[in-house]
Amino acid sequence: MEGVIALESGARHRRLEKGIRVSNALQALMRERLDRQGWSYGDVARRGAIPRSTVHHLATADRLVRMPQPNTLEGLARGLELPLDTVRRAAAEACGIHVYEAAPDPEVDVLIASVQQLSAQDRRHVAALVESLLERGRRTDDTEDDAGGAGDTVVP
């Protein structure tokens, strides 16, 4: 049995049995928060104004097939009393989506935001261009390495 909802002295709490397997980041985040706060799925659902069945599904699904809707993530974050970004990152990881850290260079942020606005075909063109530029950079690095530092030698 993975989890037990128990009623004791009129207080509802969630108790997990030993040997529970956590399959993904969202599941781990939710279980940790539920256990630490003593909350049930229903408690989280009420606070977040989302269906209990949704909370249960997100907490128990081994792997999410697709990213939950933004309003679901917002409600889950409210219900768990966690920052939305924390819940969003865990959900993305559970779906197999890599979330990039904020780029320290504002130009990178602008490029990423701009690329997201392009059509799928245009994004493929941009990806091909980036791959070409990276390959050219690798070839240049290899050529400099093969020269054995000749570029540093000063000839009178």
Side-chain angles (χ1 to χ4, degrees), residues 1-139 141:
M1 177 185 317
E2 286 200 28
V4 175
I5 303 280
L7 294 175
E8 293 182 22
S9 308
R12 190 176 350 176
H13 73 280
R14 187 169 180 271
R15 178 174 46 112
L16 294 175
E17 301 296 326
K18 291 182 180 179
I20 294 197
R21 180 178 60 96
V22 175
S23 299
N24 64 58
L26 183 60
Q27 192 179 66
L29 177 70
M30 292 178 71
R31 285 190 180 186
E32 186 278 329
R33 193 70 174 158
L34 289 167
D35 291 344
R36 178 173 290 183
Q37 299 297 330
W39 292 336
S40 69
Y41 297 142
D43 296 332
V44 173
R46 275 188 297 283
R47 264 195 308 285
I50 57 177
R52 182 194 174 283
S53 59
T54 299
V55 175
H56 178 268
H57 171 73
L58 295 173
T60 60
D62 285 340
R63 185 172 190 285
L64 298 180
V65 179
R66 64 181 182 272
M67 189 74 172
Q69 294 295 315
N71 59 348
T72 299
L73 293 175
E74 290 165 6
L76 186 59
R78 273 192 316 273
L80 293 171
E81 296 179 359
L82 290 171
L84 177 58
D85 192 52
T86 300
V87 174
R88 186 182 294 126
R89 285 180 182 279
E93 187 176 320
C95 295
I97 300 169
H98 178 72
V99 178
Y100 294 94
E101 295 296 321
D105 184 349
E107 288 180 356
V108 173
D109 286 336
V110 170
L111 283 171
I112 290 171
S114 298
V115 167
Q116 290 174 340
Q117 296 175 18
L118 297 175
S119 68
Q121 182 178 8
D122 288 344
R123 284 193 305 270
R124 285 191 294 273
H125 290 297
V126 170
L129 174 62
V130 169
E131 288 176 26
S132 173
L133 292 170
L134 291 172
E135 180 59 32
R136 184 178 73 184
R138 284 190 290 268
R139 282 195 312 264
D141 291 344

Inset, instruction - Starting at CZ of R52, measure out to NE2 of H57 and round the result to the nearest 0.5 Å. - result: 13.5 Å
Legend entry - Rounded distance (nearest 0.5 Å) linking atom CG of L84 with atom CZ of R78: 9.5 Å
Legend entry - Separation between CD of Q27 and CG of D62, rounded to the nearest 0.5 Å: 6.0 Å
Legend entry - Distance, nearest 0.5 Å, that separates CG of L58 from OG1 of T72: 7.5 Å
Legend entry - Q69 CD: over 12 foreign heavy atoms closer than 6.0 Å: no
Legend entry - Nearest heavy atoms of L73 and A91, plus distance in Å: CD2-CB, 3.7 Å
Legend entry - L76 and its side chain to side chain contact (heavy atoms under 4.5 Å, CB included) partner, picked from N71, L29, V44, L82: V44
Inset, instruction - Flag the pair E74 / I50 as yes when at least one side-chain heavy-atom distance between them is below 4.5 Å, and no otherwise. - result: no
Legend entry - Donor-acceptor under 3.5 Å (R33 side chain, W39 main chain): no
Inset, instruction - Taking all heavy atoms of P68 and all of C95, pick out the closest pair and write down the distance. - result: CD-SG, 4.4 Å
Legend entry - Any donor-acceptor N/O pair, R123 side chain to L118 backbone, under 3.5 Å: yes
Inset, instruction - Look at D85 together with R89 and state whether they make a salt bridge at an N to O cut-off of under 4.0 Å. - result: yes
Inset, instruction - Report the distance from atom CG of L26 to atom OG1 of T86, rounding to the nearest 0.5 Å. - result: 11.5 Å
Legend entry - Nearest atoms (heavy-atom pairs only) where M67 meets R88: CE-O, 3.5 Å
Legend entry - Value rounded to 0.5 Å, distance of CZ in R124 from OG in S119: 7.5 Å
Legend entry - R36, CZ atom: more than 12 neighbouring heavy atoms under 6.0 Å: no
